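Worksheet: the structure to be examined is printed underneath.
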Amino acid sequence: MHHRAPAPSRRTLLTVTAAAAAAAVTGFTAPAAHAETDVRATDLRLQRIIDGMSLEEKVGQLFVMRVYGHSATAPDQADIDANLKEIGVRTAAELVERYHVGGVIYFSWAHNTRDPQQIAALSNGIQQAALAQPTPVPVLISTDQEHGIVCRVGKPATLLPGAMALGAGGSHADARKAAEIAGEELAAVGIRQNYAPVADVNVNPANPVIGVRSFGSDPQAVAGLVAAQVKGYQRAGVAATSKHFPGHGDTAVDSHFGLPTITHTREQWAELDAPPFRSAIDAGIDSIMTAHIVVPALDPSEDPATLSRPILTGILREQLGYDGVVVTDSLGMEGVRTKYGDERVPVLALKAGVDQLLNPPKLDVAWNAVLKAVRDGELTEARLDESILRILRLKAKLGLFRQAYATRAAVDRVVGTDSHLAHADRIAEATTTLLVNEDGFLPLSPASHRSVLVVGADPASPSGTTGPPTTTLATALSELGFTATALSTGITPTAARIEEAVGAAAGKDVVVVGTYNVSATSPQRTLVARLVASGVPVVTVAIRNPYDVARLGGQRAALAAYSWTDVELRAAVRVLAGRARPRGRLPVPIQHADDPTKVLYPVGYGLSYDR
């Protein structure tokens, strides 16, 4: 049974802390955007809270930190051990008490997201600890719930198509609705800042870290979908966060493991990378995340953008006119750690114009470095106050000062409802893209192709609660009247496994192969070639990047599903079986494998079924 701290009543909240501070914290509502006097009055109240903070409390407000455990006060022993080793505290409550952190980020691998009621209880325990501090300020709880291939909260929450799938669907209304559903469910469990939508334009098919997390390769199309999602999230009471500024779409290096350089000229940046961020700002985006990338045209010092004053203050703040919260990408990523030590990174980020410092590898090192920088005069307290005011404005806008707590009733009423799940299926159905259909081979019918073998890659679920893909595909086919069996062959099938698949295909009417980021040397190519040579008709379904089709041949039909979560795979099966028409259109071009200068399938390409 999960430990759950009871959510205190408003009366309790007002009595657990000093009366003056509590009145300052709880005595106002979020400002109306058009009422300048309300904004000024709110800022004055927030400034009074800031003026009452100790320097240590101010430093803490700038940090957003991970913490292990499903409970704020009674995590499992293994999570206590991990917290002691990495952070020097036992629990989330101790993290808040010792470091006064302004934010906490949830991860599934940190065991924060077991199930919706548990997440809500964890959120409440964190808020209870925060509101018991000398200066009671609610915590802004965040996560990466992009949907598609990056998802921290799994079933029974609603899982929705990811960005590139929505790009294939092309509907602003669907993108907005998806974000609204996602936002409502996050808010219900106490997560009020989501690090989505991705505003990167995926102009480089070899990009190892963005790919299907981007809406596509056309800056204007991406801009429209980003704005739609910003409005959806924020309508649901969740701060959207566009990332990764100034644009991570044309990298060949993963900034988790190295420091990428973007060689765009300033003009190319303005044309290719800037439009989605401009669009997000115009839509009223609450927060923007920085990228650990070098863009020499924007900052000749070749500092990563996260640490670049010319990029964050000169371009984002001054040129684009953005005055919302700026949050770093994780400070534990190698891209931001290659040039400076961990004690310099947070100080340089603040000097560059950042407000929230996300997930430093060693919190004590980062926290003490900022404290020392203020005491030594390198950073002024006024500079900290600027960022804290932005952070508190956002907390006020979200209503956290009025009501910081999640409720069991809201979780039951909102999370994973039949209505939300039906919307997810409908939205996904419009994203599946048909790229090859030789002689009208699809749609399949149980009358002519009843016996189906499903083989292919089974990557781990993005949320830990879906798949495996081959089983999901086979089950969905069986539910539509086919006799389907699954055989997992993996992302790098062995010669023995390939022969086993060929043997299993004997006598089948069709083989469906789930492919996953097929490279020039991938044994998935051998798998498909051997199955084609066996004479059984082959259909491929790309379950991540849509580029696989360029490296495969001989299949009778090929589809792109853009992710391997159940909602997208089931939609692909409904298209395979003719229960839905393929309506997705490529949001990125697919180049010839042997000549990348030639386009095999252009943006906007996608086949339909003749009626």
Side-chain angles (χ1 to χ4, degrees), residues 155 159 421 424-425 428-429 431-461 465-491 493 497-516 518 524 527-544 548-549 552 554-582 584 609:
K155 292 178 179 179
L159 297 176
L421 295 170
D425 282 337
E429 216 165 72
T431 68
T432 305
T433 308
L434 180 61
L435 298 172
V436 174
N437 194 20
E438 296 291 344
D439 303 320
F441 184 71
L442 297 183
L444 299 175
S445 160
S448 56
H449 294 89
R450 177 176 295 276
S451 181
V452 185
L453 174 67
V454 179
V455 302
D458 276 331
S461 167
T465 56
T466 68
T470 54
T471 301
T472 300
L473 290 166
T475 301
L477 283 161
S478 296
E479 287 169 356
L480 295 182
F482 297 85
T483 303
T485 54
L487 173 65
S488 177
T489 48
I491 293 170
R497 202 65 164 163
I498 290 169
E499 291 314 307
E500 187 181 348
V502 171
K508 296 290 191 287
D509 297 318
V510 63
V511 181
V512 174
V513 186
T515 65
Y516 182 97
V518 178
Q524 293 178 72
L527 171 69
V528 171
R530 291 282 290 114
L531 288 166
V532 167
S534 76
V536 180
V538 172
V539 176
T540 58
V541 180
I543 63 173
R544 185 166 174 171
D548 293 359
V549 67
L552 302 170
Q555 66 269 48
R556 300 293 296 278
L559 296 95
Y562 305 102
S563 177
W564 62 98
T565 49
D566 292 2
V567 68
E568 285 161 291
L569 297 179
R570 289 196 312 265
V573 166
R574 290 197 295 280
V575 169
L576 275 175
R579 301 298 181 93
R581 298 180 67 185
Y609 293 150

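Computed from a predicted structure; not experimentally measured. Just so you know, these numbers use all the heavy atoms, side chains as well, and skip hydrogens, waters and symmetry mates.
A distance-only check finds a donor-acceptor pair linking the side chain of Arg450 to the backbone of Gly481 [under 3.5 Å]. Ser451 places no side-chain N or O within 3.5 Å of a backbone atom of His449 that could act as its donor or acceptor partner. Looking only at distances, a side-chain donor or acceptor of Arg497 sits under 3.5 Å from a matching main-chain atom of Ser488. Although no hydrogens or angles enter the test, the distance criterion places no donor-acceptor pair under 3.5 Å between the side chain of Trp564 and the main chain of Thr470.
Annotation for Ala501 and Leu453: closest pair O-CD2, 3.7 Å, computed over non-hydrogen atoms. Contact record, Val549 with Ala558: CG2-CB, 3.9 Å, taken as the closest heavy-atom pair. Of all heavy-atom pairs between Glu568 and Ala561, the closest is OE2-O, 3.5 Å. Ala505 and Val536 get closest at one heavy-atom pair: O-CG2, 3.5 Å. Minimum heavy-atom separation, Thr515 to Ala542: OG1-CA, 3.4 Å. Pairing each heavy atom of Leu559 with each of Ala572, the nearest pair is CD2-O, 4.3 Å.
Residues Val567 and Asp425 have side chains in contact (heavy-atom distance under 4.5 Å, counting atoms from C-beta outward). Contact check for Val511 versus Val452: no side-chain heavy atoms found under the 4.5 Å cut-off. At a threshold of 4.5 Å between non-hydrogen side-chain atoms, the residues Val538 and Val513 count as touching. Residues Tyr609 and Val575 form a side-chain contact, since some pair of their non-hydrogen atoms from C-beta on lies under 4.5 Å apart. Residues Gln524 and Ile491 form a side-chain contact, since some pair of their non-hydrogen atoms from C-beta on lies under 4.5 Å apart. For the pair Val510/Leu444, a side-chain contact is recorded, criterion being any heavy-atom separation below 4.5 Å from C-beta on.
Atom-to-atom distance recorded for Ser563:OG and Leu159:CG is 9.0 Å, nearest 0.5 angstrom. Distance CZ/Arg530 to CD1/Ile498: 8.0 Å, rounded to 0.5 Å. Between the CG atom in Leu569 and the OG1 atom in Thr472 there is a gap of 6.0 Å [rounded to 0.5 Å].
With Pro469 as reference, Ile543 is the one residue of Val454, Val541, Ile543, Thr565 to meet the side chain to side chain contact (heavy atoms under 4.5 Å, CB included) rule. Of the listed residues (Thr432, Leu473, Val539, Leu434), just one forms a side chain to side chain contact (heavy atoms under 4.5 Å, CB included) with Leu576, and that residue is Val539. Put simply, the residue from Thr466, Asp566, Thr465 that forms a side chain to side chain donor-acceptor pair (under 3.5 Å) with Lys155 is Asp566.
Side chains of Tyr516 and Arg544: a donor-acceptor N/O pair is present below 3.5 angstrom, by distance only.
Residue pairs meeting the side-chain hydrogen bond (donor to acceptor under 3.5 Å, both in side chains) criterion with at least one member in residues 473-487, sequence neighbours excluded, do not occur.
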